[in-house]
Amino acid sequence: MPIFEYHCNDCKTEFEVLARIGNAEKLPKCPSCGVQDTKKRFSAFATARTQKESASDNAT
């Protein structure tokens, strides 16, 4: 299940929600103030590298 990031337009809280793909379009309520005036944010993600991959990159 993917993690989506949201921003509350009312209290300016930023939060994450673990959601099923089918429920991704439904905007969640803000956990801080309970208002459903939220907006999905674009987010960046990182990938994990193994120690072996990092060592081979440094060898070149």
Side-chain angles (χ1 to χ4, degrees):
M1 282 193 271
I3 297 176
F4 294 97
E5 294 183 21
Y6 294 91
H7 173 83
C8 178
N9 294 320
D10 193 48
C11 71
K12 311 302 183 218
T13 299
E14 296 186 1
F15 59 98
E16 299 174 343
V17 175
L18 182 66
R20 294 179 185 244
I21 299 283
N23 293 340
E25 297 306 315
K26 182 180 176 186
L27 293 175
K29 290 183 181 178
C30 174
S32 187
C33 68
V35 174
Q36 198 166 1
D37 185 19
T38 57
K39 182 178 180 180
K40 190 183 288 187
R41 298 184 61 222
F42 289 106
S43 59
F45 62 92
T47 58
R49 300 177 80 185
T50 65
Q51 196 171 22
K52 185 177 180 180
E53 289 173 331
S54 297
S56 67
D57 288 347
N58 292 334
T60 56

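All values below come from the heavy atoms of this structure, side chains included, with hydrogens, waters and symmetry mates left out.
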Count the heavy atoms belonging to other residues, nucleotides or ligands that lie under 6.0 Å from NZ of Lys12, then report whether that count exceeds 12.
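Atom NZ in Lys12 is crowded, with more than 12 foreign heavy atoms closer than 6.0 Å.
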
What I'd like to find out is whether the side chain of Pro28 reaches to under 4.5 Å of the side chain of Phe15, using heavy atoms alone.
yes

Return the set of residues passing side chain to side chain donor-acceptor pair (under 3.5 Å) with Asp37 (not counting sequence neighbours), or none when no residue passes.
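Counting only residues at least two positions away or on another chain, Asp37 forms a side chain to side chain donor-acceptor pair (under 3.5 Å) with Asn9.
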
What residues form a side chain to side chain donor-acceptor pair (under 3.5 Å) with Glu16, not counting sequence neighbours?
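Listed in chain order: nothing, the list is empty.
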
Return a table of donor-acceptor pairs under 3.5 angstrom between the side chains of residues 29-36 and protein atoms on other chains or two or more places apart.
from: Gln36; atom 1: NE2; to: Leu27; atom 2: O; distance (Å): 2.7

Intermediate values then yes/no, side-chain contact (heavy atoms from CB on, under 4.5 Å), Glu5 and Lys40
CA-CA 6 Å; Glu5 294 183 21; Lys40 190 183 288 187; over 6 Å; no

Separation between NZ of Lys39 and SG of Cys8, rounded to the nearest 0.5 Å:
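Here the rounded value is 13.0 Å.
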
